Amino acid sequence: MANVHVLDHPLIQHKLAILRDKNTPVKEFREMIGEIAALMCYEATRNLPTQEVEVETPIATAKVRKLAGKKLAIVPILRAGLGMVDAMVQLIPSAKIGHIGLYRDPETHKPVEYYCKLPEDVENRQVFVVDPMLATGGSAVAAIDFLKGHGCRNIVMMNVIGCPEGVKAVQEAHPDVEIYLAALDERLNEHAYIIPGLGDAGDRIFGTK
Ligand code: PRP
Ligand code: URA
C-alpha cells in the first residue's frame with residue numbers, strides 16, 4: 001500500500017511487545033507509548049526539508065543543515081493521543097499543539113466530537129495527527145476532515161497499531177495522507193477492537209479501567 005509505512009525497527013517492536021502485554025502496568029504502558037512515539041517521530045520526520053546555513057564552531061565556519069520550510073503542529077486525538085505528545089514535543093520543541101476531542105460511540109462505533117482547538121496558523125503547518133489506535137478509521141478520518149476544513153494540506157497520521165479496515169478507510173477518504181504505524185494487525189473484532197491489538201489505549205494510558 002503506497003502511503004502506509006510500518007516501522008519494524010527492533011526497538012519499536014520490543015517496546016510494542018511490552019505494550020501489548022495485558023500485565024503491563026499503567027506507568028510502564030505510558031512510558032512505552034511515549035518511547036514508541038519518539039521512535040516513530042524520528043522516522044515520520046525523515047523527509048522534512050532542511051536548508052544549509054553557516055555556524056561558527058570554536059575552530060572554523062561550518063556549513064550545516066537546519067530544518068527549513070513549514071513549521072510543524074502536533075494534533076493528538078483525545079484522549080489516547082495525548083500519550084504521544086510529550087515525547088514528540090521533546091524532539092520538536094517549536095511545534096504548536098492542537099487538540100481534537102473524539103470518542104467512539106459504544107453502539108455505532110462512530111466518532112463523536114466533543115472538543116477541538118487548533119493553532120491559529122495551522123493551515124501553514126505540517127500537521128502530525130497522533131493517536132495510538134487506528135481501528136475502523138472513523139476517528140482518524142473525522143480528525144483529518146476537521147483539519148482540512150481548517151485549511152491544512154500537509155497532514156501525516158501516526159498510529160501505534162492499525163488494522164486493514166482503518167488503513168483502507170483513511171486511504172479512501174484521504175489518499176494524500178501518509179500513515180505511519182508501528183504494527184499493522186490482523187483485523188477488527190465484533191466490537192471494533194483491533195485483534196490482537198492492546199485493548200483500550202485510553203483506559204490503559206490513564207488507568208481508567
Ligand atoms: C480510541 C482510539 C482512537 C479510536 C480508534 O479512542 O484512541 O481515537 O478509538 O477507533 P476508530 O478508528 O474506530 O475510530 P476512544 O474513542 O476509545 O476514546 P478515548 O481515547 O477517549 O479512550
Ligand atoms: N480503540 C482502542 O483503544 N483500541 C482498539 O482496539 C480499538 C479502538
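As the structure lists them, so they are numbered: ligands from 1, and atoms in each ligand from 1. Because the structure is predicted, anything quoted here is derived from the model rather than measured. Side chains included, hydrogens not; waters and symmetry mates left out as well; all remaining heavy atoms used.
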*What do we get for A80 next to ligand 1 when only non-hydrogen atoms under 4.0 Å count, side chain, backbone, both or neither?*
both

*Say whether R104, considering both its backbone and side-chain N or O atoms, lies within less than 3.5 Å of an N or O atom on ligand 1.*
yes

*No-hydrogen, no-angle side-chain donor-acceptor test under 3.5 Å, N3 and Q171*: yes

*Does any N/O atom on Y103 come nearer than 3.5 Å to any N/O atom on ligand 1?*
no

_Between R20 (side chain only) and G197 (backbone N and O only), is there a donor and an acceptor less than 3.5 Å apart?_
yes

*Hey, which atoms in ligand 1 end up nearer than 4.0 Å to a heavy atom of G202?*
22 (O)

*Output yes when a side-chain donor or acceptor of R204 lies under 3.5 Å from a complementary backbone atom of L198, and no otherwise.*
yes

*May I ask you to check if ligand 1 and G137 share an N or O to N or O distance below 3.5 Å?*
yes

_Any donor-acceptor pair under 3.5 Å from N159 side chain to D131 backbone_ = yes

*How does L78 reach ligand 1, if at all, at less than 4.0 Å between non-hydrogen atoms: by side chain, backbone, both, or neither?*
backbone

*To which of N159, T136, D203 does the heavy atom nearest atom 13 (O) of ligand 1 belong?*
T136

*Charged N-O contact under 4.0 Å between E165 and K168*: no

*Polar contact flag for A135 and ligand 1 (N/O pairs, less than 3.5 Å)*: yes

N/O donor-acceptor pairs under 3.5 Å from side chains in residues 80-104, not counting sequence neighbours:
residue: R104; atom: NH1; partner: A192; partner atom: O; Å: 2.9
residue: R104; atom: NH2; partner: A192; partner atom: O; Å: 3.0

*Tell me, yes or no, whether the heavy-atom count around Q51 atom CD, taken from other residues, nucleotides or ligands under 6.0 Å, exceeds 12.*
yes

*E178 side chain to M158 main-chain N or O, any donor-acceptor pair under 3.5 Å?*
no

*Heavy atoms under 4.0 Å from ligand 2: which residues qualify?*
R104, M133, A135, A192, Y193, I194, G199, D200, A201

